[in-house]
Amino acid sequence: QVQLVESGGGLVQAGGSLRLSCAASGPTFSSYAMGWFRQAPGKEREFVTAINWSGDVIYYLASVKGRFTISRDNAKNTVYLQMNSLKPEDTAVYYCAGGPGTGLRVKKDEYMYWGQGTQVTVSS
């Protein structure tokens, strides 16, 4: 069983930055594909970005590309989401997700494990 715990959310003004972290338990983290999703009030959970097991294959939602950066440190069992130039429309609960397999995962159903979420609020 893998447990994921997010941290780093908060309230920030538009144009500001936040760095989310997702700490994973278990010895198999380095073989997992990881991703970040977000869910705004009244909306479905949407894909934000994903990274493969080694960190050399990454994919972003078009609206965050160039502003958000995903990375991972397999030695620390942690995946990060650096968010710059934040906009009010980025306001949501952000979820970390993980799934076995070395390839990239972009669909919710492809992930087996989920964190509890961390709130990101961007004020205008």
First locate atom [atom1] of [X], then atom [atom2] of [Y], and finally report the distance between them rounded to the nearest 0.5 Å.
X	Y	atom1	atom2	value
Ser124	Lys87	OG	NZ	14.0 Å
Leu86	Thr91	CG	OG1	8.5 Å
Leu20	Ser7	CG	OG	8.0 Å
Leu81	Trp36	CG	CH2	6.0 Å
Ile51	Leu104	CD1	CG	9.0 Å
Glu89	Ser63	CD	OG	8.0 Å

Next item on the list: Only counting residues at least two apart or in another chain, list the ones meeting side chain to side chain donor-acceptor pair (under 3.5 Å) with Ser30.
Entry: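 Residues passing side chain to side chain donor-acceptor pair (under 3.5 Å) with Ser30: none at all.
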
Checklist line | All side chain to side chain donor-acceptor pair (under 3.5 Å) counterparts of Asp73, not counting sequence neighbours | finding: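 Not a single residue meets the side chain to side chain donor-acceptor pair (under 3.5 Å) criterion with Asp73.
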
Next item on the list: Ignoring hydrogens and angles, tell me if any N or O in the side chain of Asn52 forms a donor-acceptor pair with the backbone of Val57 under 3.5 Å.
Entry: yes

Item checked: Cluster link Ile70 to Val5, ILVMFWY, side chain under 4.5 Å ->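 Not linked; separate clusters.
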
What pair of heavy atoms forms the shortest contact from [X] to [Y], and how long is it?
X	Y	answer
Pro88	Ala14	CD-CB, 4.1 Å
Phe29	Val79	CZ-N, 4.1 Å
Pro100	Arg105	O-NH2, 3.1 Å
Val120	Leu18	CG1-CD1, 3.9 Å

Margin query: Taking ring-ring contact (aromatic ring centres under 6.0 Å, His included) as the cut-off, I'd like each qualifying pair that reaches into residues 53-98, sequence neighbours left out, listed once.
Written below: Phe47-Tyr59

Next item on the list: Kindly state each residue pair satisfying salt bridge (charged side-chain N to carboxylate O under 4.0 Å, His left out) with at least one member in residues 50-68, sequence neighbours excluded.
Entry: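 For residues 50-68: Arg67-Asp90.
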
Next item on the list: With sequence neighbours excluded, give me every salt bridge (charged side-chain N to carboxylate O under 4.0 Å, His left out) pair touching residues 108-124.
Entry: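 Listed by first then second residue: nothing to list.
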
Margin query: Under the rule for ring pair (Phe, Tyr, Trp, His ring centres under 6.0 Å), what residues qualify as partners of Trp114, not counting sequence neighbours?
Written below: Phe37

Item checked: Under the salt bridge (charged side-chain N to carboxylate O under 4.0 Å, His left out) test, residues paired with Glu46 that sit two or more places apart -> Arg38

Next item on the list: Could you check if a side-chain atom of Thr118 sits within less than 4.5 angstrom of a side-chain atom of Val93, using non-hydrogen atoms only?
Entry: no

Tell me the disulfide bond (SG atoms under 2.5 Å apart) pairs involving [range], sequence neighbours left out?
range	answer
residues 43-79	none
residues 25-72	none
residues 81-124	Cys22-Cys96
residues 29-66	none

Margin query: Checking Thr121 against Gln119: is there a side-chain donor and acceptor pair closer than 3.5 Å?
Written below: yes

Next item on the list: In sequence, state the C-alpha distance, the side-chain angles, and the governing distance for Met34 and Leu4, and then conclude on side-chain contact (heavy atoms from CB on, under 4.5 Å).
Entry: CA-CA 10 Å; Met34 300 297 295; Leu4 304 175; 4.0 Å; yes

Notebook entry, point to check: Hey, mind stepping through Ser21 and Glu6 against side-chain contact (heavy atoms from CB on, under 4.5 Å) and telling me if it holds?
Noted result: CA-CA 6 Å; Ser21 298; Glu6 302 99 334; over 6 Å; no

Check: In chain order, what residues pass the side chain to side chain contact (heavy atoms under 4.5 Å, CB included) check against Ser31, with sequence neighbours excluded?
Finding: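 Result, side chain to side chain contact (heavy atoms under 4.5 Å, CB included) vs Ser31: Thr28.
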
